[in-house]
Every structure is written in structure tokens, then in C-alpha cells.
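Every number for a ligand or one of its atoms is a count from 1 in the order of the listing. On a predicted model such as this, the values are computed, not experimentally measured, just so you know.
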Amino acid sequence: MQRKTSSSLLGLVGRGGVYGRSCPHRSLVATTGSSEEVEPPPYNPDVKDRSVIVRKKGVEVLHDPWWNKGTSFNYVERDALSLRGLLPPCEIPFSKQIERFMKEYQHGIAHVAPKDETVTPENIRKWKALESLQNRNEVLFYKILLDNFEDMAPIVYTPTVGWCCQNFHLIYRQARGLFISERDRGMMSSLVYNWPASKIHAIVVTDGSRVLGLGDLGVNGLGISIGKLDIYCAGAGFHPSRVMPVVIDVGTNNESLLNHPLYFGLRRRRLEGDEYYELIDEFMRAVLARYPNVLIQFEDFSTNHAQALLDRYREHHLVFNDDIQGTATTVLGGIYGALAVKGSQAKDITEQTIVVCGAGSAGMGVVQFLAKAMTKHGLSEEEARERFWILDEDGLITRGRPGNVPSFVKPFSRKDAGMEGQDLLSTIREAKPTILIGASTVGGLFTSEHLEAMSESCDRPLVMPLSNPTSKLECTSEQSAQWTKGKGIFAAGSPQPNCVYDGQEIASSQANNMYIFPGLALGASVGKCKIITDNMLMSASESLVNCITQEDLSKGSIYPKLSMIRDISLEIACSVIEQAVVDKVVKADSRAAEVLEEQGREGLKSFVKSRMFQPNYDPLVYLPPGIGE
Ligand code: NAI
């Protein structure tokens, strides 16, 4: 670029001139004592900017390999093509997309090594096969998933989905799910209309702050919403086109993701305080404005927000939190199963003495719900609390505990301050528990001494080490069988093999939320419920036991077989609707409630079943857009 002095031009333009300071054709550079005009680069009339006309919008663009640029669409294009919300918030340059593909080309997906011992390269290979099938043929995908549910659920859902979330930014291939970020503030009610379906029955939403046991994974948390809804569709018959996985990107405190060149979430630390809640409120208003009957499941929100969000919305909207409510409902269902194994009734829960190791969100969520079940069966709140002995890392929690005891733990602290901090063995000897629950995250916490002591005072102790993953189980199924001399009934948080003791097969059950959440969601959605009450959750727990076969009960199974998931979900859904009618929380236009009144439980069962998606090839018919929608 050349510079030349031009006093005449300075006289005209330097004082503001006809174009003022924004004159696009000339620029002036002030130098000491004089000014220079900068010669603009020569104009080349042969250079042409290319823009390409697209006659599609939204997902149609993303699903068309000819137009799709994936994460490289910039925000101008995203707005012009109604793509906002359908892609991760951060744009990834073309060069990085090439780099990501070349890595896969050179090394396959194996370069994304599993970090957790429960996810093997074999699991990842299977996940990839299923994922690519899902992207090209959902009916076939769901048919195969349903027919092989026990085998494949751990691939599309936990534990493999944990690996998927950790590496979501590396393995992302095809747009799936709705991304809402802090950048969309004030725009969400418009953005939601970019979603292609006019009806949605269920949303699973996460902010990625506490994904499984893997911590803060930011926008990568979308993988868990996707995996969970796969289970909704396969296990409970939600139609795949009527579910919407969502991640709300409020930033991440995960440094390694923040520094990763391919991370496509917002590069900022997590939003906190009022701003956080305002953003989630806006999300709720936006989705409910377009889908007023939708069920919203909160998934993997960090402990500090999970309960607060549940309390904020649960009296107003059809919401639930699987980590808080699903876990407690599943454990209660297992306890009813164990009572059935012993030939006892559900009401006998009032006679159980329960020692719980772990006073965190999982342990205390379970304790509170079990106490509610005891009051339902006749105990006063005070009497129910007396049935529990709770330990944390400092031992037994009593009224003598120094410092601040969290408000949700305090009511369950033992009265006798003299026992403060007592260890597990002394507590077992003192309390003589019938049920021992572990939610401590401490692998191997339960020893032979503990289970032997428990067996001395209880005929058939129920041992529930819930901590995940497998390495954190408080004890294994084999240990439980040996240390209780085959008398123990066993259910763990992670899968454990059945055992043989003294020639007799002993079942090892898994306390898996998958038993409950699909059926609960199905009942709440098909029943057109306004909210989900505690009674509805309890009815879900109670009906689970009806699905266990006599043969399985005789082996000590306290949960039904997962391969029966559709039957389990149907049974739970019907119980949930019945209870919702009793609780008067169904909408006036609930057809399910009418059917129940007119035809009873059997009629309701047929009605709910008729609403479940069956993965079959139905004949397709073409109608132009706008007609018959
Ligand atoms: P957390 O970290 O909030 O709580 C852990 C609790 O264990 C704390 O109260 C801590 O003081 C206590 N603790 C630590 N060492 C102890 C010891 N030696 N003895 C007794 N208590 C001890 O964890 P959170 O979220 O409550 O989860 C706990 C475990 O439960 C995790 O491993 C999680 O994976 C598992 N979990 C399993 C579920 C299932 O099986 N369906 C569902 C939800 C959670």
C-alpha cells in the first residue's frame, strides 16, 4: 500500500467532509506535522464472492450431506437457515473438522481410549455400530435394541454413554438434540421452533454439570440426554420423533475441555446464582409455550442445583429428577422385592431397621423416600426416622455432631449423642439392621466382620452396595454370599454376577433406575398428568414387584428381568395413572382417566399399550406439507 500527501483532500475530508470519518474509499493516517492518504488496494472486478442458494432450512440442511457443514456453520448462516439450537454453540473451523476426521481415518475411533474400566474397546465398537444404525434407520435400531435390551442397554446407556459424553466433542458426527446456551438468552421461545417436530411428549434436559460419576462435562452432557431417551423409546414405547434431548450450556468448569481445541461448548466458566436460574426459567417457559403437555426430566444436574430446580418446578409442571426421585423409587422397589423374597408384605417395610453408609444426595434421597413409604404404611414421621442409622465419613451421625449438619440429614441424626461418630461395626451390633445400604463412594467398605455381624441378628439380610462404578461397590455379590453364608439378599448399583453358595444359586440384582423411569414417564405422559406426586412415585415402586416371576423370587431376585422392560413399563405406567387419578392431578381431557373409569385396570392397560410405539415397518403414505398435520 502506497502513501501520498494530499493537502486538498485533507482540507475536504479531514474536517469531516462529505463522508465523515467512515468514508469507505479513503483513509487518512496522521503523521507528525502532516497527514498522509493511504492508497487503497486496487479493485479487482473479476473477484466474485460465492454464495450458494439453499432451498431448505433447519434439520433438512443438516441431514443433507450436500449442504451440511456441521459445527462449521457460522451464526449468520445459523440464523438465516433456522439452525440455531440444532448445533453446538461454538463454531469449529473447517481446518479443525479436517483434523478431527484425519485422526479417525488414521487410527479409527480407538484413539478415543476409554478411561473407565467398565467401558471396553469392545463396548465402543458396539456403540459405534448402533449409533450409525440409529442415524440411518430408527425403526430398525429400536427393533434391535428392544429385542436385545439386556445386552444393548449398557451400550446405548450406562456405562458406555459415560465414555460417549467424555468424548462427545471428538466423536460428534450428526446433529441430534437441542443445544441451548447462554448466548440464546431472550431468544429461546423462538429458537425452540427450529426443532422439527410439532409435538413432543418427553424432554430429557441436562446442564452437563455432574454427568454420571464423571463430573462436569459441559455441553458434552447432551450424550446422557440422548442415551436416556433411547431407553424411553425402547423401554416404554415413546415415539422417537416425539422426544427431544436437550443440553443447556451455561459454561463448564472443566479445564481440560475449556482448553481443548475441538470442544464446542461455550468457553467460559459456569454461570451461577440468579442468572443461572433465570436462564433455566426461560428454557422452561420456551419449551412449555410450544409443547404445553410435555414431560421434562432433569438429568445429571449438580447437587447444588438439582434439588432446588426440582422444588422450583415440581408443583407447577410435569417434571421429575431421575437422580433424586428415580434412584429412591428404584431402591424402594427393590426393598419391596426383598420383602416378597422373604414372603413378607409391602407394609412390613415399617419393621425394617436400615443402616445407610453415605449421607450425600443419593443416600439421603433414598432415606427420605423410604421414610415416606413407612409413614404411608402407618408409622408417624418420628417413628419412621427412628428406623434409620446414618453414617458418613465421620461415622454415625447423632445430635451430638459438631458443626453444621445439612438440614436434610439433621432429622435423621440419632438422639443418643454418646454414640456420635461410632463406626460401622459397632453400629451394626447396636442397631441390628435388616437392610444395609451403601452410598459412600468407598469401594470395599463392607467387610466380612460387618456382614457376619449383620447375619447374626437377621435371618435374611438385604445388602445394597449402590456406589458406582464397579470399583466403588461397597462389596461384591461373591463377598456378600460368602460372608452371609448364602443368606444375604443382594442388589448392587453396578452389575454383579450371580453366585453359587453351598450348591445353591443366589441371584445378584441390579438397582438400576432403568426399571422405573421409562414406565413412570409413560404413565405421566399418556395419563396427561399435571405434576408427579410422591404417591405416584411410590405406586411405581409398589408395582415393580408384580413383574418378578416366582422362579426369580425363589432365587432371591428383587427386581424383574430387564428383558421384560416393556411389560414392566406398562405395569408401572398403569399404576402411576391410577394414583394420579386418586391424587386428582390429571388434566380434564385425560382420555386415560376416562378409560380407567369406564373399563378399569385391564381397559387402561390396553389403552396405554395402544399408545406405545412398536418398531415395525408400517406402510408409508405421502401427503404434501401442511395437509393432515
Ligand atoms: P456424595 O459424594 O454426595 O456422598 C457420599 C457420602 O458418603 C458423603 O456423605 C460422605 O461423607 C460419605 N462417606 C464417605 N466415606 C464414607 C465412609 N467411609 N463411611 C460412610 N460414609 C462415607 O455422593 P452421592 O451423589 O450421594 O453418590 C454416592 C454413590 O451412590 C455414588 O457412587 C453414586 O455412583 C451412587 N449412586 C448409585 C445409584 C444407583 O445405583 N441407582 C444412583 C445414584 C447414585
Between [Y] and [X], is there a side-chain donor-acceptor contact under 3.5 Å, judged purely by atom types and distance?
X: Ser440; Y: Glu474; value: yes
X: Ser543; Y: Asn546; value: no
X: Ser302; Y: Asn304; value: yes
X: Tyr276; Y: Asp207; value: yes
X: Thr398; Y: Glu420; value: yes

Starting from [atom], what is the nearest protein heavy atom, named by residue and atom, and what distance separates them?
atom: atom 4 (O) of ligand 1; result: Gly360 CA, 3.4 Å
atom: atom 5 (C) of ligand 1; result: Ala439 O, 3.7 Å
atom: atom 25 (O) of ligand 1; result: Ser361 OG, 3.2 Å
atom: atom 29 (C) of ligand 1; result: Ser467 OG, 3.6 Å
atom: atom 12 (C) of ligand 1; result: Gly358 CA, 3.8 Å
atom: atom 36 (N) of ligand 1; result: Leu466 O, 3.8 Å
atom: atom 16 (C) of ligand 1; result: Glu393 CA, 3.6 Å

Pull out every atom of ligand 1 sitting under 4.0 Å from any heavy atom of [X], numbered as shown with elements.
X: Leu391; result: 20 (C), 21 (N)
X: Ala362; result: 24 (P), 26 (O), 27 (O), 30 (O), 43 (C), 44 (C)
X: Asn513; result: 41 (N)
X: Ala359; result: 6 (C), 8 (C), 9 (O)
X: Gly493; result: 40 (O)
X: Leu445; result: 18 (N), 19 (N)

When rounded to the nearest 0.5 angstrom, what distance separates [atom1] in [X] from [atom2] in [Y]?
X: Ile435; Y: Leu370; atom1: CD1; atom2: CG; answer: 7.0 Å
X: Ile335; Y: Phe369; atom1: CD1; atom2: CZ; answer: 11.0 Å
X: Met536; Y: Glu578; atom1: CE; atom2: CD; answer: 12.0 Å
X: Gln325; Y: Ile532; atom1: CD; atom2: CD1; answer: 7.0 Å

> Below 4.0 angstrom, N of the basic side chain to O of the carboxylate: do Glu275 and Arg270 qualify?
Replying inline: no
Taking non-hydrogen atoms only, is [X] closer than 4.0 angstrom to ligand 1 via side chain, backbone, both or neither?
X: Thr327; answer: side chain
X: Ala511; answer: backbone
X: Val442; answer: side chain
X: Asp323; answer: neither

> For Asp230 and Leu145, which heavy atoms make the closest approach, and how far apart are they?
Replying inline: O-CD2, 4.1 Å
> Nearest heavy atom to atom 38 (C) of ligand 1: which of Thr441, Asn468, Asn512 does it belong to?
Replying inline: Asn468
